[in-house]
Chemist: 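Below is one structure. I have some questions about it.
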Amino acid sequence: AVERTLSIIKPDATKRNLTGKINTKFEEAGLRIVAQKRIHLTQDQAGEFYAVHKERPFFGELTEFMASGPVVVQVLEGENAIAKNREVMGATNPADAAAGTIRAEFAESVGENSVHGSDAPDTAKEEISFFFSGLELVG
Ligand code: CMP
C-alpha cells in the first residue's frame, strides 16, 4: 500500500551539508518528499517528540543532540514507505548498517546517526502530525 512516514535529517548531517545527498538516497529508492522544512528544535520540543524514550539512559544525550543544530523534518510517501525508509536508512548503529545505506555512509555514531524514520503506521501518523498540518502535505 502507499504509505507516508516521518523522516528527520539530524543535526550531525545538516551540519555537514548532507541534506541533498540524503534526499537523493530517498528519491532513488522511490520515496517522494511530499513535505519538508528546516527547523531548530528546543530541547523540550525534542523531548516531547522522543517522549517514548524518556526513561532510557540516553534520553538527555538524545534531546541535547537533537536541539544542537537545525534538523530537516520531512514526509516521505511511497509504496511501503515505512519499511522502505528503514531499509534506506540502515541499522540504528552505523557499525551494523548495511553497505550503501545512509547510516553506513554518513552516520558518526549510534547517537549521531544522521536520520530518524518512523517505525510503524501508528507512530508514522503521530510523528507526521507532530510537525505538519494536512495542508502542508503535497503529494
Ligand atoms: P532514532 O531512530 O532517532 O530513535 C531514537 C534514537 O535514540 C536513535 O535513533 C538513536 O539515535 C538514539 N540512540 C539509541 N541508542 C542510543 C545510545 N545507546 N546512545 C545514544 N543515543 C542512542
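Whatever order the structure lists ligands and atoms in, that order sets their numbers, starting from 1.
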Chemist: Could you list the atoms of ligand 1 found under 4.0 angstrom from a heavy atom of R103?
Modeler: 2 (O)
Chemist: Consider ligand 1: state whether an atom of it lies below 4.0 angstrom from any non-hydrogen atom of M89.
Modeler: no
Chemist: Please check: side-chain N/O of T101 versus main-chain N/O of A97, any donor-acceptor pairing under 3.5 Å?
Modeler: no
Chemist: Please check: side-chain N/O of R16 versus main-chain N/O of D12, any donor-acceptor pairing under 3.5 Å?
Modeler: yes
Chemist: For ligand 1, which atoms sit closer than 4.0 Å to a heavy atom of E61?
Modeler: 20 (C)
Chemist: Which ligand 1 atoms does N113 reach within 4.0 Å, using its non-hydrogen atoms?
Modeler: 9 (O), 10 (C), 11 (O)
Chemist: Numbering the atoms of ligand 1 from 1, which are under 4.0 Å from a heavy atom of Y50?
Modeler: 1 (P), 3 (O), 4 (O), 5 (C)
Chemist: Do any N/O atoms on F58 end up under 3.5 angstrom from N/O atoms on ligand 1?
Modeler: no
Chemist: Could you go step by step and tell me if E3 and K84 meet the salt bridge (Lys or Arg N to Asp or Glu O under 4.0 Å) rule?
Modeler: CA-CA 10 Å; E3 293 173 340; K84 188 172 287 177; over 6 Å; no
Chemist: Between the candidates S118, G117, G111, which shows the shortest non-hydrogen contact distance to atom 21 (N) of ligand 1?
Modeler: G111
Chemist: If hydrophobic clusters are built by linking Ile, Leu, Val, Met, Phe, Trp and Tyr wherever their side-chain heavy atoms come under 4.5 Å apart, do V71 and L62 end up in the same one?
Modeler: yes
Chemist: Could you check atom 5 (C) of ligand 1 against the protein and tell me its nearest heavy-atom contact, residue, atom and distance included?
Modeler: H53 NE2, 3.5 Å
Chemist: How far is atom 11 (O) of ligand 1 from its nearest protein heavy atom, and which residue and atom name does that atom have?
Modeler: V110 O, 2.9 Å
Chemist: Can you check whether A81's main-chain N or O pairs, donor with acceptor, with R4's side chain at less than 3.5 Å?
Modeler: no
Chemist: How far is atom 9 (O) of ligand 1 from the closest protein heavy atom, and which atom is that?
Modeler: K10 NZ, 3.3 Å
Chemist: For a 4.5 angstrom cut-off between non-hydrogen side-chain atoms, does K21 reach I102?
Modeler: no
Chemist: Please indicate whether any nitrogen or oxygen in T92 is less than 3.5 Å from any nitrogen or oxygen in ligand 1.
Modeler: no
Chemist: Under 3.5 Å, side chain of N113 to main-chain N/O of T92, donor-acceptor pair present?
Modeler: yes
Chemist: Under a heavy-atom criterion of less than 4.0 Å, does F65 contact ligand 1?
Modeler: no
Chemist: Tell me: protein heavy atom nearest atom 2 (O) of ligand 1, and distance?
Modeler: H116 ND1, 3.1 Å
Chemist: Report whether L6 and L41 are members of the same hydrophobic cluster (ILVMFWY, side-chain heavy atoms less than 4.5 Å apart, transitive linking).
Modeler: yes
Chemist: Counting only heavy atoms closer than 4.0 Å, does ligand 1 sit against the backbone of L62, its side chain, both, or neither?
Modeler: side chain
Chemist: If you round to the nearest 0.5 Å, how far is CG of L31 from CG of N23?
Modeler: 10.5 Å
